[in-house]
Amino acid sequence: MKEKLEQIKAEALRQIENSDALERLNEIRVNYLGKKGELTAVLKSMKDVAPEDRPKVGQLVNETREEIEKVLESSVKKMERAIRETRLKTEVIDVTLPAKKERVGHRHPNTIALEEVERIFIGMGYEVVEGPDVEKDYYNFEALNIPADHPAKDEQDTFYITGDILLRTQTSSTQVHEMEKGKLPIRMIAPGRVFRSDEVDATHSPSFHQIEGLVIDKHITFADLKGTLAEFARELFGEDTKVKFRPHHFPFTEPSAEMDVTCFKCGGKGCRFCKGEGWIEILGCGMVHPHVLEMSGIDPEQYTGFAFGVGLERIALLKYEIDDMRLLYENDIRFLKQF
Amino acid sequence: MNTALSWIKAYVPDLTCTDQEYMDAMTLSGTKVEGYEKLDKNLEKIVVGQIKKIEKHPDADKLIVCQVDIGSEVIQIVTGAPNVKEGDKVPVVLDGGKVAGGHDGGPMPEEGIEIKAGKLRGVPSNGMMCSIEELGSSRDMYPEAPEFGIYIFEDDVEVGADAVEALGLRDTVFEYEVTSNRVDCYSVIGIAREAAATFRKPFVLPEVTLKGNEEKAEDYISVEVQDMDLCPRYCARVCKNIKIGPSPKWMQRRLAASGIRPINNLVDITNYVMEEYGQPMHAYDLSTIAGNKIIVRRAKNGDVFQTLDGQERKLDSDVLMICDAEKEVGIAGIMGGENSKITDDVTTVLFEAATFNGANIRKSAKRVGLRTDASGKFEKGLDPHNAEAAINRACQLIEELGCGEVVSGMVDVHGELKEKVVLPYEPAYYNNLLGTAVSEQEMQDIFKRIEVEYDAAAGTLTVPTFRQDILRQCDIAEEVARFYGYDKIPTTLPNGEATTGKLPFKLRIEQKARDVAEYCGFSQGMCYSFESPKVFDKLLLPADDQARQVVTIANPLGEDFSIMRTLPLNGMLTSLSTNFNRRNKDVRLYELGNIYLPKSLPLTELPEERMQFTLGMYGEGDFFTMKGVLEEFFESIGMKKKPVYDPKAGRPYLHPGRQANVSYADTLIGYLGEVHPEVCDNYAIKSRVYVAVIDIPAILPLATFDRKYEGIAKYPAVLRDISMVVPKKVMAGEIEAIIAQRGGKILEEYRLFDIYEGDQIKEGFKSMAYSITFRAKDKTLEEADVTSAMKKILNGLEGMGIELRS
């Protein structure tokens, strides 16, 4: 019996040794170790063995089985590894062939700039609000300290619908709606479309976008205005951006200022982009005029605030170096795809 | 406003700084300098020379050879200039020097033109005599210069002296952008006052001394102002024995640098005073003033008046006129009349310095169609106190320049003149508003520099009348800030109650719309809110369509921009058309923009503004691609039910067989479809175009960002396929409604996997096949459960005339 087992084992190992495919190894497994395999047959013939020898023979059979299994297993592994290696060697692709892309669309540069600005101010605790494009004269002018005789009200600047209803010329109108709600403190930005009676050319459009900002609370100072907008400029244009405030005039703020930022192209040294000045004008701002607060029912003795207005197109044109404003409204896909 | 720095320095004599320092400091203190131009740019090595001897050129008829004394030596210069003679003093650029431009006065090269010694037709020439154009200027500025040829100095200049200096070109002209609140700074004196305060130097007003003769002005003229509200002050003075001639060079230069062409002494004096004091003046020939009387009154409707530029102007009763006893002689604050204008024969002049209602002047100038330097100043609302100072200054100049004899006294008609504004002195308020700690002493020093009087005893600040912009404490705070320095104010962040940053729900939905559209290949466009009323015809809208009820702009840029859009399609189709025309392939665009729907017409209240999410595409993709984008969007904003598509949308701009209204939970939320081929033709797009429009306000109550986990199915699903022959008129939506209704609780999903029309299918029918999935949440389904559900479905389908295939 022992001899027979040795023989079976030798034959099995020989066959394994000579195998050249996984299928062949599997056959060998079935032939020797399967239900109808040779080792099973040996076990089945145990009835011919004397009962006292049976445990010993059983052990021998098991040992043989284990040995064959072990060799078989390692051969399978070896062969699998060889096959994988061949596969890896042959499956070489040209990685420089064109990519298969999902055709993803692109956001408008105005929107990219707007979302950037929104992100910055939301992070500083501002709420984004909206006001109507078609607006009452009162909200666009009068409540902002621009009375009936003010030159800014000239027809040449403003589109009128009726004597009292117009297309807003500035998002500052939203300030008034927000203040009238009577909920203080206020920290808001109001993006939106504004309209001015300008003919279309490379730097003008009768319709463009502004983002208005308004903060009203107790003890708000001009220093807070400076700090907030300096922070905004750094976030938007880069950590090294410096700001400069110049006195200016707006009817609804006093004191008023314009803010310049260091040219983000040359860093302030002066280049063609900033016309050699090193600075680029970016926004108008100021402390909310006490009369504006009064008109909206806020006590200027108790509350102060600051406001600012940024031209969205101006930021988009500067940031993305777009040289013609008309491109923003033509919607040529070759333009939009670049953003 | 443009002014030579030398003129400013006349009132701030101690001012010393470079041009750049001046520009920066003035801008930082609030007088914005837009830029400056050095008048001596590219003028190098140019001296005054005197021509000693002129000889003919031996080899050229048109050239002459001059021996020119330049102080240190005599040099030989060959020239072709026709106008020089021996003894003339001329500007000479020496060998190695530079001039600004060519002799023809064309555009000047950036680097100038270098002059070198050389030979002209064989004769050595060691420099060049210059025309005024070569010196970078013009005959506008130097009217005495010849039209062709070399500039010739008056005899009083010294030979060998700096010719640039002698011409007054060692100067810089600054361009200021004055803000509308600073009326006082539209004048040399106003800017000089700011410069003095900025650089902490003394400010010296011109001293006005005036002798006057023995006569009295009221014997020559009387003034009656009928509309005091439109003319708060009218000052008149008279000058006689007028001798018209050129004004002195210094005055001509200053005017020219300001962009004003010198004319003659009388005109130049009024212009000079207008620049200097910011007060426009007018001079009438007194002999043309009937009845020696000036009446200031409104014009009559329909009057026509000839202004001194010879133009006829139509008037109305809101236009203020200057009249004599019989007739109108000028449009107040805008322009004088042809009938009273100064000619060279004038002997007696009536000077007018008045103030008018700024808003009225602005409106009148617009209606009359004539905006002048004077009206531009008057419309800002001038300080009535300034009128008197200016008219006296003008009369002083008449005397000083020997232009005539000033009649004593002034006829002055005015109502109550504005009092000086007095404000309480509240240093703590200024510091609290600014966030600064400016000392009281520094504040008081600032007030002194800007002529605001501080009265320590009364605790008040008195504002000079020329500062019409200072009315409240915040205005004082701005003055403190300006001269303390905006750059020195600290930078802090607001402290106080914390607030939460928020993006409102509507804007979050719009953000999702953008995200989904872009994932689906659509790029964002932006279109104007206003368009042409013709778009409704292009979109085939019937005459009575509700969309034709529009908000109309009263003063549009043109018909093409005259109505507020009530549909977003024109913008989309125009953009697609632009792309098609430029041969861009497979274009997909979306837009988020408002439409404007009037609640009533004519407009009495604000229109309704509705945000529209509009998608448009041509090229790759079809109706169902577009439908897919919509459903992706709905799912992304929590609208998980099946939208209903109604083909009877009745939208004339869409293909009648390929359009649908989209409803969700019984609310109409938008539409989609293929654009009608005729509309495509109207927009010149030779391709099938698909559009979809979603009304954002309609979906806001249906959308949500709430999400709840429902668990992943534990029990196996059972699949059943059904294959049907369906009458053509039955729509997939109807079949799906049956499946959904009758499938019961165990229905999980159904999916159309085949649809076919054609040869093997009988006429009027189509073949459709659905795969239906059943699954229970709590058990493994038994055959009987599925069979019963299927039976209900099949019964329902058979009721619709659908035949089931095995």
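Below, read A as the first sequence line, B as the second, and so on, with proteins coming before strands; counting in each chain starts at 1.
Here B/Thr499 contributes atom OG1 and A/Arg187 contributes atom CZ; the two are 4.0 Å apart, rounded to the nearest 0.5 Å. Taken from CG in A/Asn331 to OG1 in B/Thr574, the straight-line distance is 9.5 Å, to the nearest 0.5 Å. For the atom pair CZ (A/Phe222) and OG1 (B/Thr492), the distance works out to 11.0 Å, reported to the nearest 0.5 Å. Interatomic distance, CG of B/Leu557 versus OG of A/Ser197, reported as 4.5 Å (0.5 Å rounding). How far CG of B/Leu507 is from CD of A/Glu115: 10.0 Å, rounded to the nearest 0.5 Å. The line from CG of A/Asp133 to CG of B/Asn594 is 5.0 Å long, rounded to the nearest 0.5 Å.
With a threshold of 4.5 angstrom between heavy atoms, B/Ser29 approaches chain A through N, CA, C or O but not through any side-chain atom. For B/Thr436, no part lies near chain A; criterion is any non-hydrogen pair under 4.5 Å. Residue contact with chain A, scored on non-hydrogen atoms closer than 4.5 Å, is absent for B/Pro602. Contact annotation for A/Phe250: neither backbone nor side-chain heavy atoms come within less than 4.5 Å of a heavy atom of chain B. Both the backbone and the side chain of B/Asp586 come within contact range of chain A, each with at least one heavy atom under 4.5 Å from a heavy atom of that chain. With a 4.5 angstrom heavy-atom cutoff, B/Thr27 touches chain A via backbone and side-chain atoms both. Using a 4.5 Å cut-off between heavy atoms, B/Gln473 makes no contact with chain A at all. Interface residue B/Leu28: backbone and side-chain heavy atoms are both found under 4.5 Å from chain A. Only the side chain of B/Lys506 comes within less than 4.5 Å of a heavy atom of chain A; its backbone N, CA, C and O stay farther away. Using a 4.5 Å cut-off between heavy atoms, B/Leu589 touches chain A through its side chain atoms alone.
With a 4.5 Å cut-off on side-chain heavy atoms, A/Arg193 and B/Ser529 count as touching. Between A/His289 and B/Arg472, some side-chain heavy-atom pair lies under the 4.5 Å cut-off. Two residues are said to be in side-chain contact when any heavy atoms from C-beta on lie closer than 4.5 Å; A/Thr221 and B/Leu434 fail this criterion. Put simply, the side chain of A/His248 reaches to within 4.5 Å of the side chain of B/Thr179, judged on heavy atoms. In this structure, B/Asn579 and A/Asp332 have side chains that are in contact, with non-hydrogen atoms separated by less than 4.5 Å. A 4.5 Å side-chain heavy-atom check between A/Ser207 and B/Phe561 finds every atom pair outside the cut-off. Side-chain contact between A/Glu330 and B/Arg582: present, with at least one pair of heavy atoms (C-beta onward) separated by less than 4.5 Å. Residues B/Arg182 and A/His249 form no side-chain contact, since every pair of their non-hydrogen atoms from C-beta on lies 4.5 Å or further apart.
Ring geometry, A/Phe159 versus B/Phe530: the interplanar angle exceeds 60°, so the pair is classed perpendicular (tilted spans 30 to 60°).
With respect to chain A, the highest number of heavy-atom pairs below 4.5 Å among B/Ala359, B/Pro494, B/Gly435, B/Gly30 belongs to B/Pro494. Of the listed residues (A/Ala223, A/Gly227, A/Pro290, A/Ala257), the one with the most heavy-atom contacts under 4.5 Å to chain B is A/Ala223. Ranked by heavy-atom pairs under 4.5 Å with chain B, the list A/Leu167, A/Leu225, A/Leu184 is led by A/Leu167. The greatest number of non-hydrogen atom pairs below 4.5 Å with chain B, out of A/Lys136, A/Glu277, A/Met188, A/Glu130, is found for A/Glu130. Listed options B/Thr500, B/Asp475, B/Thr578 were ranked by heavy-atom pairs under 4.5 angstrom with chain A; first place goes to B/Asp475. Chosen from A/Ile186, A/Val243, A/Val128, the residue pairing most often with chain B at heavy-atom distances under 4.5 Å is A/Val128. Ranked by non-hydrogen atom pairs under 4.5 Å with chain B, the options A/Leu166, A/Ile165, A/Val129, A/Thr304 are led by A/Ile165. Heavy-atom pairs under 4.5 Å with chain B were tallied for A/Lys218, A/Glu258, A/Arg334; the largest tally goes to A/Arg334. Between chain A and the residues B/Val480, B/Asp469, B/Thr552, the most heavy-atom pairs under 4.5 angstrom are made by B/Thr552.
In this structure B/Glu379 satisfies the side chain to side chain donor-acceptor pair (under 3.5 Å) test together with B/Arg371, sequence neighbours excluded.
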Could you walk me through whether A/Thr228 and B/Thr491 satisfy the side-chain contact (heavy atoms from CB on, under 4.5 Å) test, starting with their C-alpha distance in whole Å, then the side-chain angles of each, then the deciding distance to 0.1 Å, before giving a yes or no? CA-CA 8 Å; A/Thr228 301; B/Thr491 53; over 6 Å; no
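Applying the 6.0 Å contact sphere to NZ of B/Lys488 captures more than 12 heavy atoms from other residues, nucleotides or ligands. The neighbour count for B/Gln20 CD, taken as heavy atoms of other residues, nucleotides or ligands under 6.0 Å away, is above 12. In this structure, B/Asn495 places its CG atom where only 12 or fewer heavy-atom neighbours from other residues, nucleotides or ligands lie under 6.0 Å away. Atom NZ of B/Lys599 has more than 12 heavy atoms from other residues, nucleotides or ligands within 6.0 Å.
Salt bridge status for B/Lys502 with A/Glu118: absent, with no side-chain N to carboxylate O gap under 4.0 Å.
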Side-chain atoms of residues 515-525 of chain B: list all donor-acceptor pairs with protein atoms under 3.5 Å, sequence neighbours left out, distances to 0.1 Å.
| from | atom 1 | to | atom 2 | distance (Å) |
| --- | --- | --- | --- | --- |
| B/Asp515 | OD1 | A/Arg107 | NH1 | 3.3 |
| B/Asp515 | OD1 | A/Arg107 | NH2 | 3.0 |
| B/Glu518 | OE1 | A/Arg107 | NH1 | 2.6 |
| B/Glu518 | OE2 | A/Arg107 | NH1 | 3.3 |
| B/Glu518 | OE2 | B/Tyr590 | OH | 2.5 |
| B/Ser523 | OG | A/His106 | N | 2.9 |
| B/Gln524 | OE1 | A/His108 | N | 3.0 |
| B/Gln524 | OE1 | A/Thr111 | OG1 | 2.7 |
| B/Gln524 | NE2 | A/Thr111 | OG1 | 3.1 |

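The shortest non-hydrogen separation linking B/Tyr486 to A/Ser256 is OH-O, 2.7 Å.
Side-chain atoms of B/Glu609 come within 3.5 Å of backbone atoms of A/Val134 as a donor-acceptor pair (strictly under, hydrogens ignored). Checked by atom type and distance alone, the side chain of B/Asn555 pairs as donor or acceptor with a backbone atom of A/Tyr160 at under 3.5 Å.
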